Amino acid sequence: MGLPFIVCLKALWQSRSNQVGLNRRDFLKKSAIMGIGGIVGASSLNDLIRAENLPDLTVVQGPDPSKTVAKAIETMGGIGRYVSKGDTVVLKPNMAWDRTPEQAANTNPQVVASVVKLCFEAGASTVKVLDNPCDDARRSYVQSGIAEAARELGAKTPYMDSRKFKKTGINGEVLKTWEVYRDIIEADKLINIPVAKHHSLAGVTLGLKNWMGAIGGWRSRLHWKLDKSLADLAAFFKPSLTILDCVNVLTANGPQGGSLSYVKRLNTVVVGIDQVAVDAFGAKLFETAAGRPETANRARRYIETAAMRGIGRMDLENLRIVTLNLS
Amino acid sequence: MLRKLRLISQVLFFFLFLVLLVLTSYRGSDEIRYPVRIFLEFDPLIGLTTFLASHQIPLLLLLGILTLVLTFLFGRVFCGWICPLGTLNHAIGWLASHSRGQHPNLRLLSFRLKYYVLVFFLVASVFSLQWVGILDPISLLIRSMTLAVEPIFNWLVHGLFALLYFSNIDLITLWSEPLYDVLKGSILSFRQPHFHQGLLVGLLFALVLLLNLVHKRFWCMVLCPLGGLLGVIARFSRFERLIDDSCNECGACIPDCFQGQKESLPRGWLKSECLVCGNCQDVCPHTALRFKAVGRSSASSGGPNLARRNLILSGLSAVVAVPLMRVRAGELRPNPKLIRPPGALSESEFLKRCIKCGECMKVCLTNGLQPTLFEAGIEGIWSPILVSRIGYCQYYCTLCGQVCPSGAIRTLSQAEKEKVKIGLAFIDKSRCLPYTQGIPCIVCEEHCPTPKKAIWFEEAVVIGRDGEKRRIKQPIVDIDLCIGCGICEYKCPVVDQPAIYVTSIGESRSEQNRLTL
């Protein structure tokens, strides 16, 4: 009985926090006032999406990343549904490596830039683009091309500051507490912008794995129980939106690659509120378009772990997926 | 007047030195865009000894000739007007002279000491021992600032702002945080630097500075080998201090002279020991003194007499010092820990050029380049090695070669850098988690930067204590692909004593220290 209760509550939190003008802190306050019991049975995440007549996922293909991103978000109800006037928005791309955009080890800078632009159009007061890189932070921010592209549009791209990692209750199955970056916790809205890449343990890294760049400490320890850790992180972070960059995907020798021969151009972005569904679609794309079924199958293990916990759905056949082609 | 000009010059050059030191770091470009090693390049002692030891001279070190020409024309103005360590000594000596009595007189004998020091280093370099960096003032200053002063400075400033930040009082953080951001973007290091030998180098630096309590500019007058070299040139310089008949030997010029009491009596002035500071000219009540370029040198006021016996003795001690330092048991085998920066020349050639200035350690992105103590013998003390547990060699970074003033580390192109091996990684199977515990861990492989990874997996089936079979990926190092960058050692989750570690074998620069044909 306990598990469905928690699942519903989490789903509700996630869906509620996505609504205009209601951030996590407000939600916590409101649900405390209303009394949790009264609203638990109300709905699930996907019911809410249905109620608004939104697709579960939007997949847009096209040669110009900024256009595909804009179109995908428009189809998901427009940026105004996710970002409100005056919001402090944190964008979490993957800019973990000292690699150039064409090497596809980091999120495509054009994808990030177009999200920055949309956030400001929606009236965001501050947009921060952040990551805790694996390589030297300075080189990763520069070489990824993301920091410059985001700054040009007025976003802030601070390096993570060791003072701001706060030991935080994750309350997950394996992660009880961990150091989480304060700016990310305190943001009004959080948008995850991962890139789909090969990884020797995770198979494919997508949205859930991208949260490893939002935390500090000895992160490499998470690999020992990767599937459960990723589910714990996903349940904790709850992004307003997940924008999966599949413009260029790194199909081998991830997560850094290094040779252009490992990169396949798919010109696709996948956008959804349900981060598990986005990952499930990303894995499928890796299987079909990128031709790496074995790695996709490996990725499905952590996606399944998250789905089983009710963080989101992976039954793509039952989801409403809008597919558009701009070319 | 002369004094004021000198003061302005000192402040400007010292400021320039600090700015260039701060700029000796990654600033968003693969190339260092500022002439960060220019003080070393204008140091003729480094150019001369590098040439004597290695029989080669990096082109830029020829700039040192300009300093010699300057000295020939105007005396030791480099010491008095330019040298940043001289300025620091000057300032501390000045402060000290106002607070307590200093030794009133430096005996002539002590001036001579620096010439013997100079002869020692010159003769040693003729016998291929490049050790001048230990006492060369520019090298000493950059090394001390990098290894000792900067870490202390950063620790204090970061600590202060952390204190303010955690006070969590808006009234404070509202101004302290923006200020901190400005400092982080300018003078602070990107992260707190940590260096081996910081304490030793720092204490020696403190000693140099504290000697000013004995006598102002004690270092410059008594010990500095560059001061010695410039003193030799200054003896013959076309510059004189002229005294006219209005001098009544009142002695007003004496207290402010670095030469000390007896020696600076107007008639006892020594050209080689004069820093052209201009103090005497400015204080003379009779305006009897002035500095003037003359057609030719007058022999009377050259410099202290050097005892031939002592010169020979210091030369001989250098001859003995070379084998004393070199003949050691450690030279019989390659040292596994002696992992030199990428582009470093073969060990013997490297040591003939490295001046231990610490520029490479200053610029290193990851703080991985550390000064040695005895890993390369006493000859190579404070030369750079990569300590992967502290920091690794970033795959696309070539900064250390770019800042090396003497060519001990070649400047590598991006393409060369990707191929240069500095060592080789080994897996300690008794500590590696997939081998010992059957726990999945791919962290070394994940971080391995070569496009085709130098770490690959063998899939093994391990049986747990409960009898359960598990498939596990066990890492293996590909010795052809591994470049020894050390990121695997740095990132290994077995944090105390990593389960993968790099040793120097396989380094491109050595023909002997190889594992395979």
Side-chain angles (χ1 to χ4, degrees), chain A residues 96-100 103 105 133-143 145 147-148 151 156-164 166 182 197-203 205 209 212 217-227 229 250 252-263 298 301, chain B residues 25-30 158-159 161-166 173 177 180-181 184-185 190-192 364-368 391-397 399 418 433-434 437-457 472-473 475 487 490-495:
Chain A
W97 303 101
D98 178 10
R99 293 289 201 246
T100 55
Q103 290 172 321
C134 299
D135 274 333
D136 177 77
R138 291 162 290 179
R139 283 196 67 94
S140 303
Y141 273 45
V142 170
Q143 295 297 101
E148 196 189 356
R151 267 200 305 268
K156 291 181 177 156
T157 59
Y159 300 116
M160 285 196 178
D161 173 341
S162 57
R163 300 171 308 164
K164 292 191 175 178
K166 271 203 335 200
R182 191 172 155 175
K197 295 189 285 182
H198 167 259
H199 186 269
S200 61
L201 184 62
T205 59
K209 179 79 169 60
M212 283 183 73
W218 283 95
R219 304 177 276 175
S220 49
R221 227 169 274 157
L222 266 55
H223 290 106
W224 305 348
K225 291 180 178 171
L226 187 71
D227 300 346
S229 300
L250 181 59
N253 285 322
Q256 298 188 69
S259 165
L260 299 187
S261 63
Y262 308 143
V263 179
R298 173 61 192 90
R301 295 215 324 246
Chain B
S25 59
Y26 177 74
R27 298 265 150 186
S29 161
D30 287 343
H158 284 298
F161 281 96
L163 205 68
L164 297 175
Y165 175 78
F166 287 119
T173 49
E177 285 303 290
Y180 187 42
D181 283 339
K184 279 200 289 191
F190 183 67
R191 62 172 75 83
Q192 171 67 44
C364 182
L365 272 180
T366 64
N367 201 186
Y392 56 94
C393 183
Q394 184 87 38
Y395 190 58
Y396 288 128
C397 173
L399 296 181
E418 289 163 29
L433 294 168
Q437 303 297 325
I439 293 174
C441 179
I442 45 76
V443 173
C444 53
E445 185 259 9
E446 172 181 49
H447 287 90
C448 182
T450 56
K452 186 179 176 190
K453 287 179 184 290
I455 296 174
W456 58 283
F457 296 114
I472 195 97
K473 287 178 167 176
I487 195 170
Y490 181 76
K491 300 277 184 178
C492 179
V494 189
V495 292

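Residue numbers start from 1 in every chain, and the chains themselves are labelled A, B, ... in the order their sequence lines are given, proteins ahead of strands. These numbers were taken from a predicted model, which means no experiment stands behind them.
With a 4.5 angstrom heavy-atom cutoff, A/E148 does not touch chain B via any of its atoms. Residue contact with chain B, scored on non-hydrogen atoms closer than 4.5 Å, is absent for A/R219. Using a 4.5 Å cut-off between heavy atoms, A/Y159 touches chain B through its side chain atoms alone. Of the two parts of A/K225, neither the backbone nor the side chain holds a non-hydrogen atom closer than 4.5 Å to a non-hydrogen atom of chain B. Heavy atoms of B/P449 lying under 4.5 Å from chain A belong to its backbone as well as its side chain. Interface residue A/W224: backbone and side-chain heavy atoms are both found under 4.5 Å from chain B. In this structure, the portion of B/K184 lying under 4.5 Å from any heavy atom of chain A is its side chain and not its backbone.
Per-residue counts of heavy-atom pairs under 4.5 Å with chain A were compared for B/Y490, B/F457, B/Y180; the largest is that of B/Y180. Per-residue heavy-atom pair counts under 4.5 Å with chain A were compared for B/V495, B/V443, B/L365, B/D181, and the maximum is reached by B/L365.
Heavy atoms only, all atoms of each residue included: B/G28 and A/V142 are closest at O-CG1, 3.7 Å. Contact record, B/Y395 with A/R99: CD2-NH1, 3.7 Å, taken as the closest heavy-atom pair.
In terms of modelled atom types and a separation under 3.5 Å, the side chain of B/K452 and the main chain of A/S259 share no donor-acceptor contact. Without hydrogens or angle criteria, A/N253 side chain to B/P451 main chain gives a donor-acceptor distance under 3.5 Å. A donor-acceptor contact shorter than 3.5 Å links the side chain of A/Q256 to the backbone of B/H447. A/R138 places no side-chain N or O within donor-acceptor distance of the main-chain N or O of B/F190, the cut-off being under 3.5 Å.
Residues A/L201 and B/E446 form no side-chain contact, since every pair of their non-hydrogen atoms from C-beta on lies 4.5 Å or further apart. Counting only heavy atoms from C-beta outward, the side chains of A/L226 and B/P440 never approach each other to under 4.5 Å. No side-chain heavy atom of B/Y165 sits under 4.5 Å from any side-chain heavy atom of A/D161.
Qualifying salt bridge (charged side-chain N to carboxylate O under 4.0 Å, His left out) partners for B/R191, counting only residues two or more places apart in sequence or in other chains: A/D136. Partners of B/K473 under the salt bridge (charged side-chain N to carboxylate O under 4.0 Å, His left out) rule, at least two apart in sequence or in another chain, do not exist in this structure.
With rounding to the nearest 0.5 angstrom, the NZ atom of B/K453 is 7.5 Å from the OG atom of A/S200. Interatomic distance, B/E177 CD to A/R163 CZ, rounded to the nearest 0.5 Å: 4.0 Å.
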| task | Start with the C-alpha gap between A/R139 and B/D30, add the side-chain angles, then the distance that decides, and say whether side chain to side chain contact (heavy atoms under 4.5 Å, CB included) holds. | result | CA-CA 9 Å; A/R139 283 196 67 94; B/D30 287 343; 2.9 Å; yes
